Protein chains: 2
Amino acid sequence: MSLATDAADQPTLYKRIRADIEKRILTGEWPPGHRIPFEHELVARYGCSRMTVNKALSELAQADLIERRRRAGSFVRRPQHQSAVLKIADIRAEITALGRAYGYELIHRKLRTATAADRERLGVKKAGKVVAIACRHSADDVPFAVEDRLIDLSSVPDAATADFSRDPPGSWLLHHVPWTEAEHTISAIVADNRTAEVLDIAVGAPCLVIDRYTWRSARTITAVRLLYPGDSHRLVARFKGG
Amino acid sequence: MSLATDAADQPTLYKRIRADIEKRILTGEWPPGHRIPFEHELVARYGCSRMTVNKALSELAQADLIERRRRAGSFVRRPQHQSAVLKIADIRAEITALGRAYGYELIHRKLRTATAADRERLGVKKAGKVVAIACRHSADDVPFAVEDRLIDLSSVPDAATADFSRDPPGSWLLHHVPWTEAEHTISAIVADNRTAEVLDIAVGAPCLVIDRYTWRSARTITAVRLLYPGDSHRLVARFKGG
DNA sequence: CACGATTATATGTCTAGACATATAAGTCAA
DNA sequence: TTGACTTATATGTCTAGACATATAATCGTG
């Protein structure tokens, strides 16, 4: 989780304690390595029980803002070496959040027995049925991204009969497969002929690529490749904490 | 924060409770929208006090796995629309973690009064001194990324006299400026002549671009652009939770 | 001085209560 | 039927204790 920045106006005591300490860390008043007051000192300062300050400090520790060491105390952590939280939003949500009209177009949808390439891509050994989908997302009728997806039907049988002509498969999957794990890989390529045509850009123009591989309880569900025009689209990642 | 996946083997009770519930959610046994047992039911099941189950549930709520509603109960959340956590590691750490030899080379370093373009890039109004740095990171003597950085000296005066000929400015800043906030923007471009030469790739080859803008307490510190050869380098983001 | 044993202490977890508060659900009147 | 009021209840916060446990610091000893 991430801490709310403005927990200070919360009326509860532990949130105030947490916000007070967070502020001193973020302003640099308590630099990395600084030992923050012991629990019993904070108990005295705020006139509350130890469980209350413990809750505040535990949350700061969960947020990696401080490190707690038995017998030694609690210390401000060194920033985590430029790590960041990137929100890769659902494409439809992303476009509508920008206040633009979302458009969706199914390019093709094929049900087939998994080829060797399909099995490789999904990371499965046994040959089963898969659905291969290509589609295009657009914002205000301008091509926004092209999607190339493979769904493992042995994991998601319902996908065989799902209608992807109106709703994008990503949204459908979100509502039919709960709580997945995934790995994203981000890279850059230049547009080939087919990509250039679908995205309405020049051949050789840069494209941002997101490969997402999704599974649940060690079971593969779907593999998807998203291509964005690289000079117009941008992924934004905002973060707090070094 | 994110929950440790293997909290089950922890000997403490609240971690066991948390892990039990987490497991049922992740396997799909308790799908999104499912109401998990009330606190008093879990108290009965585990034979402990309410504070103990409350701690377990609070952490699950902090991790966005469940949603807690007064009077109604606690409910499994719908996955957060394909958001992901991306770790953009410190380049030196990233390369050494790959077991490759880290190399660094300063291309140029200039101290100057901020130009209009510099002020625009740093998002500051007043003209002050800045340090402009270009450098190259390599792995096993192969160019890995080229860095183009601007540091605001009114925020980080020490940077004026820092020696960037041996250590990269990113590492230096990590140790001299605690607890920053930042925004990353990821995009794709094709290599121009100069970039191609520095990265030893072909002109027109795809490059991944990370623009990072860093500040502390509303004060600009540094703006940096990193260029990676797009077909060889990849950013990997792993996440749990839909 | 080096190294092992002891001790002190800050955090980690837990209890059995308490009152506060938001709100779902039920009740009643227009 | 609808809207306003009341009530029941699950969570939110907090207390004043307790014992467990890891470990920094101290003390002794060879």
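Scope of the values below: all heavy atoms of this structure, side chains included, with no hydrogens, waters or symmetry mates. Quick caveat: nothing in here was measured; it's all calculated off a predicted structure. Numbers restart at 1 for each chain; the letters A, B, ... are given by sequence-line order, proteins then strands.
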Exercise. Applying side chain to side chain contact (heavy atoms under 4.5 Å, CB included), name anything that partners B/Tyr46, two or more places apart in sequence or on another chain.
Key: B/Leu13, B/Arg16, B/Ile17, B/Asp20, B/Leu42, B/Cys48
Mind calculating the distance between [atom1] ([X]) and [atom2] ([N]) to the nearest angstrom?
X       : N      : atom1 : atom2 : result
B/Ile66 : D/dT11 : CD1   : P     : 9 Å
A/Met51 : C/dA10 : CE    : P     : 18 Å
B/Asn54 : C/dA16 : CG    : C1'   : 14 Å
A/Leu42 : C/dA10 : CG    : P     : 12 Å
A/Leu57 : C/dT13 : CG    : C1'   : 15 Å
B/Arg16 : C/dC14 : CZ    : C1'   : 14 Å
A/Glu59 : D/dT13 : CD    : C1'   : 12 Å
B/His40 : D/dG12 : NE2   : C1'   : 17 Å

Taking only side-chain nitrogens and oxygens of [X], does any of them come within less than 4.0 Å of OP1 or OP2 of [N]?
X       : N      : answer
B/Lys15 : C/dG12 : no
B/Thr52 : C/dT13 : no
A/Lys55 : D/dC14 : no

Quiz item: For the side chain of A/Thr96 and the backbone of A/Arg92, is there at least one donor-acceptor N/O pair under 3.5 Å apart?
Solution: yes
Quiz item: More 5' along DNA chain D: A/Tyr14 or B/Ser74, using each one's nearest nucleotide?
Solution: B/Ser74
Could you check whether [X] pairs with [Y] (Lys NZ or Arg NE/NH1/NH2 to Asp/Glu carboxylate O, under 4.0 Å)?
X        : Y        : result
B/Arg50  : B/Glu39  : yes
A/Arg225 : A/Asp148 : no
A/Asp152 : A/Arg219 : no

Quiz prompt | Summary of protein contacts for nucleotides 18-25 of chain C, nucleotide by nucleotide, where a base hit scores B, a sugar-phosphate-only hit scores S (4.0 Å, heavy atoms) | solution = B--BSBBS
Practice problem: Kindly assign one of parallel, tilted or perpendicular to the pair A/His137 and A/Tyr104, based on the angle between their ring planes and the thresholds 30° and 60°. | Solution: tilted
Practice problem: Classify the angle between the aromatic ring planes of A/Tyr213 and A/Trp215 as parallel (below 30°), tilted (30 to 60°) or perpendicular (above 60°). | Solution: tilted
